[in-house]
S.K.: 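This structure is in structure tokens; I'll ask about it shortly.
Just so it is clear, the model here is predicted, and its values are computed rather than measured. So that the names make sense, note that chain A is the first sequence line, chain B the second, and so on, each numbered from 1.
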2 protein chains.
Amino acid sequence: MAKQHICITGNADHCPKARMTIQDTLDVVGGKWKLVLISILRDGKKRFRELSREAEISPRILSKELQELEMNGLVTRTVCNTRPVTVEYALTPYSDTLSEVIIAMHKWGKQHREKIIETP
Amino acid sequence: MAKQHICITGNADHCPKARMTIQDTLDVVGGKWKLVLISILRDGKKRFRELSREAEISPRILSKELQELEMNGLVTRTVCNTRPVTVEYALTPYSDTLSEVIIAMHKWGKQHREKIIETP
DNA sequence: GATACCAGTTACAAAAAGGATACCATGGCA
DNA sequence: TGCCATGGTATCCTTTTTGTAACTGGTATC
């Protein structure tokens, strides 16, 4: 993750547009968890443990994924001064630009599930 | 890959829709290469070596990814009886259902690239 | 015969991802 | 004082994914 094959020099000839832009997206939001976490956070902010439980993801991985999402400006981390300190994770406005991707994947997953159930 | 967390029994209460459907999609089309390959094949059918060169993917991985895509009904494999045997890979009609996902990811990658270039 | 291209496969290595457990610090409660 | 909960981190280990290099087998070309 975080490698960027963004070619600023712009020799677009050997840099087929479609392939590269999709790889750029995957660099930021690819992998097993990032889109799932964003999709969960679309229901509203959550705390660390809540996310861990809802996504069924171990603290270690969750911590790493959230840091990466934060670095890419998709998620904010807020420490609340409650009695046992709690931390809230929420989506940034910028993450809204991913709506189309998430909605498309959500729709496809739904229709695909229906398809493979009716034709076993 | 190929694990399915599709819960046919349908206890949807502990099966939050958005999360699961996105994971279903990732099971089929997740990973580093599948969407890239599909995106390349949208320009038209390609042979094995062509794909290998265009995606800069090694034969071993390419072979595996194509098999998985074929198993999921997204790609067809056709052996042509040319002199050195060639094999053509093409998208199936069903793969068109992924258009929205691919186009959305393509658009996002493009705009994200522009964003991070202008704000370094 | 030597070379090269086709479509892969095999064996092996490296890296990434994932999981389990223990641990830290803070503070509330009994 | 001991025990719980919070949000993590550290350590160790296993599994999965990805990559490299070499190789097969067939055909065509030089």
S.K.: Are A:W33 and C:dG18 close enough that a side-chain N or O sits under 4.0 Å from OP1 or OP2?
M.R.: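 Result: yes.
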S.K.: Expressed as a whole number of angstroms, how long is the span from B:I61:CD1 to D:dT16:P?
M.R.: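 So the two atoms are 16 Å apart, to the nearest Å.
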S.K.: Just one of B:T21, B:T25, B:D24 clears the side chain to side chain donor-acceptor pair (under 3.5 Å) bar with A:H106, so which one?
M.R.: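 Only match with A:H106 under side chain to side chain donor-acceptor pair (under 3.5 Å): B:T21.
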S.K.: Atom CD of A:E56 and atom P of C:dG18: how far apart are they, to the nearest Å?
M.R.: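 That distance rounds to 14 Å.
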S.K.: Do B:V87 and B:L66 sit in the same hydrophobic cluster, where Ile, Leu, Val, Met, Phe, Trp and Tyr count as joined when their side-chain heavy atoms come under 4.5 Å apart?
M.R.: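 Yes; B:L66 is reachable from B:V87 via cluster members.
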S.K.: Tell me the interatomic distance from B:E88, atom CD, to C:dG8, atom P, rounded to whole angstroms.
M.R.: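 Atom CD in B:E88 sits about 12 Å away from atom P in C:dG8.
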S.K.: Would you mind pulling out the nucleotide paired to C:dG19, Watson-Crick or G-U wobble, both distances under 3.5 Å?
M.R.: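 Check on C:dG19: paired to D:dC12, both distances under 3.5 Å.
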S.K.: Rounded to whole angstrom units, what separation is found between the CD1 atom of A:I57 and the P atom of C:dG19?
M.R.: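 The answer, rounded to whole Å, is 8 Å.
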S.K.: Any side-chain donor paired with an acceptor under 3.5 Å for B:S95 and B:R42?
M.R.: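 No, because no side-chain N or O of B:S95 sits under 3.5 Å from a partner of the opposite role on B:R42.
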S.K.: Between B:C80 and B:V85, which heavy-atom pair has the shortest distance, and what is it?
M.R.: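 Shortest heavy-atom contact: O-CG1, 3.8 Å.
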S.K.: Quick one: is B:K32 getting a side-chain N or O under 4.0 Å of the D:dG19 phosphate, OP1 or OP2?
M.R.: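 Yes, B:K32 has a side-chain N/O under 4.0 Å of OP1/OP2 on D:dG19.
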S.K.: Scan for ring-ring contact (aromatic ring centres under 6.0 Å, His included) pairs involving residues 49-105 of chain B, sequence neighbours excluded, and state none if there are none.
M.R.: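 Counting only pairs at least two positions apart or across chains, the ring-ring contact (aromatic ring centres under 6.0 Å, His included) contacts touching residues 49-105 of chain B are A:H112-B:Y94.
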S.K.: Could you tell me how far apart B:L37 (CG) and D:dT18 (P) are, to the nearest whole angstrom?
M.R.: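 B:L37 atom CG is separated from D:dT18 atom P by 11 Å.
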S.K.: Expressed in angstrom and rounded to an integer, what is the separation of B:Q23 atom CD from C:dA17 atom C1'?
M.R.: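 So the two atoms are 15 Å apart, to the nearest Å.
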S.K.: Tell me whether A:T76 contacts the main-chain N or O of A:T92 through its side chain, where contact means a donor paired with an acceptor under 3.5 Å.
M.R.: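 No.
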S.K.: Using a 4.0 Å cut-off on protein heavy atoms (strictly under), produce a 5'-to-3' string for nucleotides 5-12 of chain D with B for base contact, S for backbone-only sugar-phosphate contact, and - for none.
M.R.: -SBBS-B-
